[in-house]
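Working notes for the structure below.
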Amino acid sequence: MPSMTALRVLLALSERGSTTAAAESLHMSQSAVSKQLLTLEGILGAKVFHRQQTGLMPSELGKIYIEQARIAVKAMEDAAFRAARLQADPHRLRLKVLPIFGDRWLLPRIADFNQRYPEIEIQHTTFSATHSPEQPDATFHFGPDPLPGTDTLRMFGQDVFLVCAPAYLERLEGAETIEDFARGTFFEHPGTPLHWAHLAEWHGRPDLQPRNIVRFEYYTLVLRAIILGQGLALVPPQLIENELASGQLVNAGGLSYKSPCSYWFSVPSDRKPSAALVIFRKWLLTQL
């Protein structure tokens, strides 16, 4: 099998077209590059480049190995990066945060952490790239179960309230029961497991449907719509603490239900937590 150095030389020659240019890009001598090329061709038993006036051109064999070398080198670079990430930085913390959780719950509190621990740098990200070599130090997520392979803290989310603005409650003219509120407009986010059907089943009316259901792709729009007095929604009260305290939103009819889902704080169990992560988790407990 070709060595990793030989594969890097192969890629550099295919991109640069000459041993001189490839040597410069790899910070190697020209003779070292030529030796790696000869060794590679000796292993493969054929030429991987043809010399032309315009430079080195890959042979059919060379094209096959160049294509696979890109994959192999990238995979090993990713592995090296991920391995390096296992050595946690004691002064940096990278958190995977759900946008709605970050906006409604974490952001109003994080200034307190920054004031207490200014030496710790926190990076908030969604880590949306599925195959990214970078991995978060900890993850906030929402669902019925903890993430596999993690040490997990259940935060909140099981208590879910039916909420609306006081002005919308007045428009429903004395609504008090779930049947009354079914006459209204209900907002929900299709990707969040907080749906009218769960509330209706909890209250013994699985057949009951609201007059109108409006679905938004972003949960922030669901909250915005109910704050503006346009309808009802199911929301964990921790996400709307300020609005409930100020009276912008009210628990409609006192209706609620217990959800199987929760917000979780998860830390990979296969690596030693950094000092920053230990501090953050202790601070998080004080906020709960």
Side-chain angles (χ1 to χ4, degrees), residues 97-113 124 126 140-144 154-265 284 286-288:
V97 183
L98 294 168
I100 189 64
F101 173 86
D103 177 45
R104 305 296 304 187
W105 193 87
L106 186 59
L107 184 61
R109 292 168 168 80
I110 201 65
D112 177 75
F113 181 86
H124 305 267
T126 58
F140 291 101
H141 74 104
F142 184 73
R154 186 196 296 269
M155 299 178 61
F156 58 80
Q158 289 183 296
D159 293 314
V160 182
F161 289 3
L162 182 68
V163 295
C164 67
Y168 189 77
L169 194 60
E170 291 178 8
R171 286 166 55 188
L172 293 179
E173 299 178 345
E176 295 181 355
T177 68
I178 190 170
E179 291 81 6
D180 295 333
F181 291 110
R183 294 188 281 108
T185 296
F186 180 76
F187 294 98
E188 69 177 25
H189 176 266
T192 298
L194 301 175
H195 304 307
W196 174 273
H198 301 147
L199 177 72
E201 184 176 2
W202 183 268
H203 288 276
R205 290 297 311 273
D207 58 323
L208 185 64
Q209 292 291 323
R211 179 179 61 85
N212 186 27
I213 296 180
V214 178
R215 295 180 174 90
F216 287 120
E217 189 66 25
Y218 300 101
Y219 199 65
T220 51
L221 294 181
V222 171
L223 298 184
R224 182 66 176 158
I226 60 173
I227 290 171
L228 291 174
Q230 297 178 3
L232 303 131
L234 289 166
V235 187
Q238 291 83 357
L239 298 185
I240 49 173
E241 289 174 328
N242 291 337
E243 288 80 5
L244 289 173
S246 67
Q248 275 186 286
L249 293 174
V250 295
N251 181 195
L255 293 173
S256 65
Y257 81 99
K258 286 282 186 181
S259 169
C261 297
S262 300
Y263 281 97
W264 306 83
F265 179 69
L284 188 63
T286 68
Q287 301 302 305
L288 296 174

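Treat the numbers as computed from the prediction; the structure is a model and nothing was measured. Quick note: residue numbers are just sequence positions, from 1.
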Tell me every residue that passes side-chain hydrogen bond (donor to acceptor under 3.5 Å, both in side chains) with [X], counting only those two or more places apart in sequence or in another chain.
X	answer
Arg215	Glu188
Arg154	Ser262
Thr192	His189

With [X] via ring-ring contact (aromatic ring centres under 6.0 Å, His included) - residues at least two apart:
X	value
Phe187	Phe216
Tyr219	none
Phe142	Tyr263
Trp105	Phe101, Phe156

Can you name the salt bridge (Lys or Arg N to Asp or Glu O under 4.0 Å) partners of [X], sequence neighbours left out?
X	result
Asp112	Arg116
Asp159	Lys258
Glu179	Arg205

Worksheet entry | Summary of side chain to side chain donor-acceptor pair (under 3.5 Å) pairs that have at least one residue in residues 232-242, sequence neighbours excluded | Arg109-Glu241
Close side-chain approach of [X] to [Y], heavy-atom, < 4.5 Å:
X	Y	answer
Thr220	Pro99	no
Ile110	His124	yes
Leu199	Ile178	yes
Phe140	Leu284	yes
Ile226	Leu232	no
Trp202	Leu255	no
Phe186	Leu234	yes

Where do [X] and [Y] come nearest, in terms of heavy atoms and distance?
X	Y	answer
Met155	Phe265	SD-CB, 4.0 Å
Pro193	Tyr257	O-OH, 3.8 Å
Gly102	Pro108	O-CD, 4.4 Å

Worksheet item: Checking side chain to side chain contact (heavy atoms under 4.5 Å, CB included) for the pair Trp196/Leu208: CA distance, chi angles, key distance, verdict?
Response: CA-CA 9 Å; Trp196 174 273; Leu208 185 64; 4.1 Å; yes
Fill in: Under 3.5 Å donor-acceptor, Asp180 side chain and Glu176 backbone
yes
Item to complete: Indicate yes or no: does Glu243 engage Arg104 in a salt bridge with an N to O separation below 4.0 Å.
Response: yes
Please set out all donor-acceptor pairs under 3.5 angstrom arising from side-chain atoms of residues 160-171, sequence neighbours excluded.
unit_1: Tyr168; atom_1: OH; unit_2: Thr185; atom_2: N; d: 2.8
unit_1: Arg171; atom_1: NH1; unit_2: Gly229; atom_2: O; d: 3.1

